[in-house]
Protein chains: 2
Amino acid sequence: MASKNLSKDIEKIAPSTMADVVETRLREYLKRKAFKPGDALPKELELAEALDVSRNVVREALSRLRMLGMIESRKKRGMVLAEPDILGGFERVMDPLILDQNTLQDLFELRLVLEMGLADVLYTRMTDKDLKELEQIVGKEINKVQKPFKVKYEIAFHGKLYQMTGNETFMRFQNMLLPVFEYVVSEEAKINGEAKVGKVTHRDLLELLKTGGPEDFRQGMKEHLSPHFERMKR
Amino acid sequence: MASKNLSKDIEKIAPSTMADVVETRLREYLKRKAFKPGDALPKELELAEALDVSRNVVREALSRLRMLGMIESRKKRGMVLAEPDILGGFERVMDPLILDQNTLQDLFELRLVLEMGLADVLYTRMTDKDLKELEQIVGKEINKVQKPFKVKYEIAFHGKLYQMTGNETFMRFQNMLLPVFEYVVSEEAKINGEAKVGKVTHRDLLELLKTGGPEDFRQGMKEHLSPHFERMKR
DNA sequence: TTCATCATTATGTAGGACAAAATAAAAATA
DNA sequence: TATTTTTATTTTGTCCTACATAATGATGAA
């Protein structure tokens, strides 16, 4: 299949610098030696000597790992392996304005998939307290037809759903996808006019949560998101 | 709610270094000035001077952005903003052995959600060729009961499903989640014994794809993954 | 024994130097 | 004049040295 995005298919000619090499070497080393969080790493100078590069290069590589949260370092005590922040790297590059169109589209779809798959986890974890909070959100939402308000409650409602899964990573993830989602929708609106709204409202979804089962909720959600699904088909 | 994971709730005391500051400053700068891919960045020395730090520090920060694919640089030509690799940062930290237990669990659930949400995109995009390939995979799978083979075809089948979505990001994402999934399952097996298999097989799922609709497929998938869902409830 | 002081050590930051590559400018050739 | 070759320049990549800083351990004084 001839892909639309060449740069994804053909590997970029990367004039790999020493820092690049050292970075992967270090990661390999940590993996091979089965380093665990808390373990102390060799000193910068030792690494530099062992790899036969300058301390400078080692530091550039370490700086990268430090950004990802893989290592922490304090003066004199040296560096220790840490539990990385799984979404940190994601967060930093999640900017609709610099991502290419295909990736944006991919992420848009990803969120749709997440919403559709949410039901089962939701029914496993949700509490009465959650439902009450959701009730409040829906309650405040009525009669808000202006754009900024609509968006605000859209985020509040769906955000609460993710929160109800009790899955922290999940929630952060969706929060990061939000700007992308909004961007894609608004861009689309510029071309094809304002998107229609699905027949199923937030209140309907809440009602389904209270009285229905996962399947009912999922069908409701599908209807709620139907304009976006329509868009996807093109 | 008292969380199980303290380090996620309380912000880590981060003795932020110059490189940290410069990194965020740079990202802010790029965003504020609405840099687009292809635009040339100021020279290292100019940045160093403007920020009043050594070129060394600037380079450490730039090295981070370079790792994320946000910038590319060539000698003499300087640096240009590039389209970052959205999953690059993810890929680098996706190691079951260094991620904490909660995050692993979160990612495990994330994959379950993805599988459940897959159906609609799948029915929108799948081709006859896809189904034939899936047929082949299922065909080779029969009579393979030994562990390593089972895992292999498990990956092949589900991997193909993701590929059928035509969503590159999606596919890469699931590929990265695989090691986590396997790890969690095998760890679980050590404690509670080998997990049972769902009643719905890959062949059944394929049949559903051919003859049924999204809802049927989803129900099948839910059954197929039911042992994992059971595990989740605890 | 306890507290204060000092020495040591590893990371963090600064600055200078030069190599290498890519470009622009200048010179030489057809 | 047009084109190729050579030279100069510029910017990143790498190395080195030096010192500040903070945490640790050792030493010595009360």
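Chain naming here is simple, since letters A, B, ... match the order of the sequence lines and numbering starts at 1 in each.
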**Student:** Heavy-atom contacts under 4.0 Å between residues 45-69 of chain A and DNA chain C, which residues?
**Tutor:** A:Arg55, A:Arg59, A:Arg66
**Student:** Go through the structure and list residues passing salt bridge (Lys or Arg N to Asp or Glu O under 4.0 Å) with A:Arg27, not counting sequence neighbours.
**Tutor:**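 A:Glu23.
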**Student:** Side chains of A:Thr165 and A:Arg125 only: does a donor on one sit below 3.5 Å from an acceptor on the other?
**Tutor:**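 A:Thr165 vs A:Arg125: no donor-acceptor pair found between side chains.
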**Student:** My understanding is that only residues two or more places apart in sequence, or in another chain, count here; which of them pass salt bridge (Lys or Arg N to Asp or Glu O under 4.0 Å) with B:Arg25?
**Tutor:**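 None.
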**Student:** The criterion is side chain to side chain contact (heavy atoms under 4.5 Å, CB included); which residues satisfy it with A:Asp52, sequence neighbours excluded?
**Tutor:** none
**Student:** Any side-chain N or O of A:Arg77 under 4.0 Å from OP1/OP2 of D:dT24?
**Tutor:** yes
**Student:** Just how far, in rounded Å, is P of D:dT21 from NZ of A:Lys75?
**Tutor:**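 Going from NZ in A:Lys75 over to P in D:dT21 covers 8 Å.
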**Student:** Which ring pair (Phe, Tyr, Trp, His ring centres under 6.0 Å) pairs, counting each pair once, include a residue from residues 67-117 of chain B, with sequence neighbours left out?
**Tutor:**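 Sorted result for residues 67-117 of chain B: A:Phe90-B:Phe90, B:Phe90-B:Phe173, B:Phe108-B:Phe181, B:Phe108-B:His228.
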**Student:** Return yes if a side-chain donor-acceptor contact under 3.5 Å exists between B:His158 and B:Gln174, otherwise no.
**Tutor:** no
**Student:** Can you give each donor-acceptor pair under 3.5 Å made by side-chain atoms of residues 35-43 of chain B, sequence neighbours left out, with the distance rounded to 0.1 Å?
**Tutor:**
from: B:Asp39; atom 1: OD2; to: B:Lys36; atom 2: N; distance (Å): 2.9

**Student:** Expressed in angstrom and rounded to an integer, what is the separation of B:Arg74 atom CZ from D:dT14 atom P?
**Tutor:** 15 Å
**Student:** Does B:Asp130 have any salt bridge (Lys or Arg N to Asp or Glu O under 4.0 Å) partners at least two apart in sequence or in another chain, and if so, which?
**Tutor:**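 Scan of B:Asp130 (salt bridge (Lys or Arg N to Asp or Glu O under 4.0 Å), adjacent residues dropped) gives B:Lys160.
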**Student:** Using a cut-off of strictly less than 4.0 Å between a heavy atom of the residue and any atom of DNA chain C, enumerate the qualifying residues of residues 32-42 of chain B by number.
**Tutor:** none
**Student:** What residues, two or more places apart in sequence or in another chain, satisfy salt bridge (Lys or Arg N to Asp or Glu O under 4.0 Å) together with B:Arg111?
**Tutor:**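 B:Glu115.
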**Student:** Can you tell me how far P of D:dC19 sits from NZ of A:Lys76, to the nearest Å?
**Tutor:**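 Answer to the nearest Å: 20 Å.
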**Student:** Which residue pairs pass the ring pair (Phe, Tyr, Trp, His ring centres under 6.0 Å) test when at least one of the two sits in residues 38-58 of chain B, sequence neighbours left out?
**Tutor:**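 Output for this query is empty, none listed.
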**Student:** Output every pair passing ring pair (Phe, Tyr, Trp, His ring centres under 6.0 Å) with a member in residues 55-79 of chain A, not counting sequence neighbours, ordered by first then second residue.
**Tutor:**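 Every pair satisfying ring pair (Phe, Tyr, Trp, His ring centres under 6.0 Å) with a residue in residues 55-79 of chain A: there are none.
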**Student:** Can you tell me how far P of D:dG13 sits from NZ of B:Lys43, to the nearest Å?
**Tutor:** 15 Å
**Student:** On DNA chain C, which is the earliest and which the latest nucleotide, 5' to 3', with an atom closer than 4.0 Å to a heavy atom of chain A?
**Tutor:**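 Listing 5' to 3', DNA chain C meets chain A from C:dT8 to C:dT13.
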